[in-house]
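Below is one structure, written out as structure tokens; the observations come after it.
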2 protein chains.
Amino acid sequence: MTVEVEASLEPGLGEALSQVSEALKARAWLVLAGNCETSYEGRAASGSTPGDRVVMVKPDGSVIVHGPKGFKPLNWQPDTSSVEARLDSDTLELRAVRRSPREILVIRCARIYYLAVLKGAEEGGFWLYVNEAEIRDEAMRDPVGVLGERLRFIEAEKPVEPGFIDALAEDEQGRLVVLEFKRVKAGEEAVKQLLRYVEALRARTSREVRGVLVAPDATEAARRLLERSGLELRRIDLRSLYERIKGRSAARRRSLVDFLG
Amino acid sequence: MTVEVEASLEPGLGEALSQVSEALKARAWLVLAGNCETSYEGRAASGSTPGDRVVMVKPDGSVIVHGPKGFKPLNWQPDTSSVEARLDSDTLELRAVRRSPREILVIRCARIYYLAVLKGAEEGGFWLYVNEAEIRDEAMRDPVGVLGERLRFIEAEKPVEPGFIDALAEDEQGRLVVLEFKRVKAGEEAVKQLLRYVEALRARTSREVRGVLVAPDATEAARRLLERSGLELRRIDLRSLYERIKGRSAARRRSLVDFLG
DNA sequence: TGTTTCATCTTGCGA
DNA sequence: TCGCAAGTTGAAACA
């Protein structure tokens with residue numbers, strides 16, 4: 001194993017400074033818990049008075065400050081040009097600077113509960129993901145299997161006045177079919193967008209144009225608007241789509257179904 | 001001080017399990033570094049093969065998994081209904097479940113480099129920030145200072161057909177002025193929105209209607225559309241606005257300018 | 001580099 | 001719960 005760990009419990013600020021400085025120089029992965037205040041100035045200006053924080057400085061220089069609540073960090077700095085540490089009036093001060101946009105994040109810790117340094121951390125293996133484009137591509141590859149209908153696909157990402165149509169196809173009756181894909185439950189907004197595309201297309205052709213929203217589900221308001229607008233909803237099942245798409249990839253791995261029971 | 005810390009360096013999995021379980025039960029703040037693999041299934045499906053990770057479970061149940069690079073976590077789970085730990089075939093397994101949307105995140109750690117538990121962490125003090133509403137309010141309070149023009153404000157957040165006008169005012173010539181505020185560089189989208197409001201208002205009144213985009217800057221495309229549409233751009237300076245707004249607040253604190261030098 | 005679009009967006013507010 | 005808008009959004013794709 002290549003990973004080296006070093007940690008201190010409630011270190012003094014002087015001790016902390018030397019460990020932090022060394023970690024930054026070595027481009028190690030630094031995790032620090034302490035009572036800190038933060039200030040940010042750049043695209044906006046913000047700050048927080050002292051509170052308990054977990055501060056992380058990654059090997060690539062990203063700085064992230066978490067409070068005890070929520071998914072989002074309190075402050076951060078993604079593309080730092082420099083991260084520096086020093087002692088300033090009884091605090092350990094970290095300054096993360098970014099050029100373009102010019103931003104500065106200052107973290108001042110009056111007390112440090114815990115400090116850990118990881119050296120030689122490795123990124124690890126690849127990453128699977130099913131996104132909207134993959135759903136669309138799967139539908140184009142096998143319209144009957146995914147949409148339950150024989151369609152001939154004409155174009156994906158077709159530019160039409162208000163933006164881009166996810167996919168344009170032709171059905172067996174020769175009608176144009178505008179397809180809008182959603183990976184999550186579709187709201188009213190998705191229907192409005194689909195409607196804009198359908199209307200834009202109808203204005204430019206004498207052919208009949210259908211609009212189909214492809215999503216796992218739709219909200220009540222979305223369904224009403226579909227109904228009123230004469231548009232269609234095709235439900236898809238993410239799980240089985242995931243299996244179809246990923247099942248084709250060479251490296252097959254255990255499904256989460258195992259865990260879900 | 002109320003924060004209690006407990007930490008282990010390279011604990012065995014059994015030892016780690018008991019500490020983790022206890023931390024979860026006590027709703028403590030858990031930070032763990034190890035070699036882990038992750039699987040997520042819910043709104044999407046994703047996963048990563050083993051790699052070095054820092055895993056955080058916050059007192060509110062949020063779970064965040066970071067890899068050694070970048071601002072964004074590899075996996076996360078914001079509003080968990082349950083987080084559980086157990087040993088499974090030589091790994092420490094964490095399962096974070098959320099209902100609605102139904103999602104599950106599974107983290108399996110084969111090795112644990114270190115583990116820290118923080119109890120009694122406090123959110124800490126308030127949070128300063130300049131947002132769009134504050135810019136708007138400051139402009140309404142002092143139109144000459146912020147916009148360089150005498151305006152009489154009629155209404156903020158006025159509902160008009162497509163949505164809400166940020167602010168509606170009247171200029172010295174008695175013309176209506178629709179104001180759209182942006183805290184960051186304005187894109188074409190902001191101009192389109194402003195234009196929709198201006199046109200909606202013109203359709204409902206015989207009075208002359210001006211449209212003013214208030215922003216630190218605008219993209220080239222946005223400026224062209226402003227020009228073509230006969231709308232105006234008023235540039236503002238965030239830094240000085242921040243000083244104006246925050247300077248008024250009772251608790252005056254050191255400016256970041258001190259650090260920027 | 002700038003601009004646009006996507007995201008397991010998150011978050012907050014309101015109906 | 002749904003709809004909507006803002007975010008230091010970040011990150012990727014594209015011109």
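We use all heavy atoms of the structure for the numbers below, so side chains are in, but hydrogens, waters and symmetry mates are not.
Distance, B:Trp76 CH2 to D:dT9 C1': 13 Å, rounded to whole Å. Between A:Glu188 atom CD and C:dA15 atom P the separation is 16 Å, expressed in whole Å. Taking atom CD of B:Glu132 as the reference point, atom C1' of C:dG12 lies 14 Å away to the nearest angstrom. Atom NZ of A:Lys185 and atom C1' of D:dG3 are 13 Å apart (whole Å). The distance between atom NE2 of A:His66 and atom C1' of C:dT10, rounded to the nearest whole Å, is 12 Å. To the nearest angstrom, P of C:dT11 lies 7 Å from CG of B:Asp79. B:Glu103 places its CD atom 14 Å from the P atom of C:dA7, with the value rounded to the nearest Å. A:Lys182 has its NZ atom 11 Å from the C1' atom of C:dT5, to the nearest Å.
Picking from C:dC9, D:dA11, D:dC4 the nucleotide with the shortest atom distance to the side chain of A:Glu189 gives D:dC4. Listed candidates were D:dT1, C:dA7, C:dT11. Nearest to the side chain of B:Lys72 is C:dA7.
In this structure, A:Arg234 pairs ionically with A:Glu232, as a charged nitrogen and a carboxylate oxygen lie closer than 4.0 Å.
Distances shorter than 4.0 Å separate none of the side-chain N or O atoms of A:Thr219 from OP1 or OP2 on D:dT1. Note on B:Arg43: every side-chain N or O is 4.0 Å or more away from OP1 and OP2 of C:dC6. Regarding contacts with the backbone of D:dG3, every side-chain N or O of A:Lys192 stays at 4.0 angstrom or more from both OP1 and OP2. Between A:Arg183 and C:dC9 there is a side-chain N or O to OP1 or OP2 distance below 4.0 Å.
Residue order along DNA chain D, read from the 5' end via each residue's closest nucleotide, puts A:Ala186 first among A:Pro73 and A:Ala186. Annotation: of the two residues near DNA chain C, B:Asn75 and A:Phe71, the 5′-most nearest-nucleotide partner is B:Asn75. Between A:Gln193 and A:Val184, the one whose closest nucleotide on DNA chain C sits nearer the 5' end is A:Gln193. If you find the closest nucleotide of DNA chain D to A:Gln77 and to B:Gly70, the one lying nearer the 5' end belongs to A:Gln77.
Shortest non-hydrogen contact noted between B:Phe153 and B:Ala139 is CE1-O, 3.4 Å.
The distance from the CZ atom of B:Arg136 to the CZ atom of B:Arg141 is 11.0 Å, given to the nearest 0.5 Å.
In terms of modelled atom types and a separation under 3.5 Å, the side chain of B:Thr80 and the main chain of B:Gly61 share a donor-acceptor contact.
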Which is it for A:Arg95 and A:Glu84 under the salt bridge (Lys or Arg N to Asp or Glu O under 4.0 Å) test, yes or no, and what are the steps along the way? CA-CA 5 Å; A:Arg95 300 161 45 132; A:Glu84 282 166 23; 5.1 Å; no
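Annotation: D:dT8 and D:dC4 have their P atoms spaced 22 Å apart (nearest Å).
No contact: A:Gly42 has no heavy atom under 4.0 Å from any strand.
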